[in-house]
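Since the structure comes first, as structure tokens, the remarks are kept for the end.
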Number of protein chains: 2
Amino acid sequence: MSQIKPTSTNFSNKTALSDECPEAYASSIIGGQWTLVICSWLLSGKLRFGELKKRLPNITERMLTLQLRKLEQNKIVSRVVYAEVPPRVEYELTSIGYALQPVIKELEKWGESHKQLTNE
Amino acid sequence: MSQIKPTSTNFSNKTALSDECPEAYASSIIGGQWTLVICSWLLSGKLRFGELKKRLPNITERMLTLQLRKLEQNKIVSRVVYAEVPPRVEYELTSIGYALQPVIKELEKWGESHKQLTNE
DNA sequence: CTCATTACTTACATTTTTGATAGTACCTAA
DNA sequence: TTAGGTACTATCAAAAATGTAAGTAATGAG
């Protein structure tokens, strides 16, 4: 599922940074292009795959799946499959997932003020 | 200097996300592999190019230059060149750069607790 | 039997980011 | 005149992330 090479310089650099530097570690986990937006939506409650897709109009199903899988691996979201047809799958933040709230709030605040600054 | 294609889907997705979503915007600015570590070091005061390099043992000069240029473009660091030989160049956070402190603090906190959780 | 619905998967292509390596310019001191 | 220190730049290559397009499985409704 993952196509990363454990022998690459890139990989060992990331690993070393993550080891020494918790903010780099955090960024490597939530730094994907769609990750924060997904988590933002999930902060207001669990959502089905299709509901997430609707809220992220430009994401492909492939990317949504990949991001959700990564979030699941990192224990940030939980995935519940109902034995129905057509299938129903619900995604919900775990407690460490909900703990992202203050991080996201600070990022938002900073983002807003940076945007304002550079629009002058 | 930048090799991004303004016609790509990727580019327009990033743009749209950054427009609607300040946390995605922030992440696109400080989400580079070395960005947060560089800012972390600069939080404790200005540093010369070579000093930064020493503190980031595995970074190449090229990457350090690229990251610093991007930070400069985004008004997060200022660059002061002294007319000396050999050259001396100092990098320092701007005020919006120093404003990253709470963001970094939250990221650190979250990173630590996530690390702890996944080590059990 | 056929179709519709939902949540995927697979194979491939493109774009973006990162790394390796070898330069360059400048002046000063020896 | 030559070497040395500093902060780069230029080219090329590799790796990683993202996008495109076309499937698949399951089953209940008609």
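- Taking for each of B:Phe11 and A:Lys5 the nucleotide of DNA chain D with the nearest heavy atom, the 5'-most of the two is the partner of A:Lys5.
- For the pair B:Ile4 CD1 and C:dT18 P, the computed distance is 14 Å after rounding to whole Å.
- Rounding to whole angstrom units, CD1 of residue B:Ile59 and P of C:dT17 are separated by 15 Å.
- Rounding to the nearest 0.5 angstrom, the gap separating the CD1 atom in B:Ile4 from the CG atom in B:Asn10 is 9.0 Å.
- Along DNA chain C, the nucleotide nearest B:Thr7 and the nucleotide nearest B:Met63 are compared for position; the residue whose nucleotide lies closer to the 5' end is B:Thr7.
- Using a 4.0 Å cut-off, no side-chain N or O of A:Arg88 falls inside it from OP1 or OP2 of C:dT5.
- Checked by atom type and distance alone, the side chain of B:Thr94 never pairs as donor or acceptor with a backbone atom of B:Ser78 at under 3.5 Å.
- The side chain of B:Asn10 contributes no N or O atom lying less than 4.0 Å from OP1 or OP2 of C:dT14.
- Of the charged side-chain nitrogens involved, at least one lies within less than 4.0 Å of a carboxylate oxygen, so that B:Glu90 and B:Lys46 count as a salt-bridged pair.
- Shortest non-hydrogen contact noted between A:Val77 and A:Leu42 is CG1-CD1, 3.7 Å.
- C:dT6 atom P lies 15 Å from atom CG of A:Leu52, rounded to whole Å.
- Distances shorter than 4.0 Å separate none of the side-chain N or O atoms of B:Thr60 from OP1 or OP2 on C:dT18.
- For DNA chain D, the residues of residues 76-85 of chain B within the heavy-atom distance limit of 4.0 Å (strictly under) are B:Arg79, B:Val85, sorted by number.
- Using a 4.0 Å heavy-atom distance criterion, A:Glu51 is classed as making no nucleic acid contact.
- At C:dT16, none of the side-chain N or O atoms of A:Gln33 fall inside 4.0 Å of OP1 or OP2 (strictly under the cut-off).
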Verdict with supporting geometry, A:Ile29 and B:Trp110, side chain to side chain contact (heavy atoms under 4.5 Å, CB included): CA-CA 11 Å; A:Ile29 291 183; B:Trp110 186 85; 4.0 Å; yes
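- For the pair B:Lys5 and B:Phe11, the cation does not sit on the ring face, since its NZ or CZ is not both under 6.0 Å from the ring centre and inside 45° of the axis.
- Side-chain N or O atoms of A:Arg88 include none that pairs as donor or acceptor with a backbone N or O of A:Glu84 at under 3.5 Å.
- When the side-chain nitrogen and oxygen atoms of A:Arg48 are compared with OP1 and OP2 of C:dA7, one or more of them lie within a distance under 4.0 Å.
- In this entry the distance linking CD of B:Gln3 with P of C:dG19 reads 14 Å, nearest Å.
- Between the CD atom of B:Gln67 and the P atom of C:dT16 there is a distance of 16 Å, given to the nearest Å.
- With a cutoff of under 4.0 Å to any heavy atom of chain B, the contacted region of DNA chain D is bounded 5' to 3' by D:dG5 to D:dT20.
- Taking side-chain N and O atoms only, B:Ser8 has a distance below 4.0 Å to OP1 or OP2 of C:dT16.
- Without hydrogens or angle criteria, A:Thr35 side chain to A:Gly31 main chain gives no donor-acceptor distance under 3.5 Å.
- Between the CG atom of A:Leu68 and the P atom of C:dT9 there is a distance of 11 Å, given to the nearest Å.
- Electrostatic pairing of A:Lys109 and A:Glu106 counts as a salt bridge here, judged by a charged N lying under 4.0 Å from a carboxylate O.
- Among the heavy atoms of the strands, none lies under 4.0 Å from A:Glu90.
- Nucleic acid contact class of A:Arg62 (heavy atoms, under 4.0 Å, all strands): base.
- Nearest heavy atom pair, residue B:Asn58 against residue B:Trp34, reads C-CH2, 4.0 Å.
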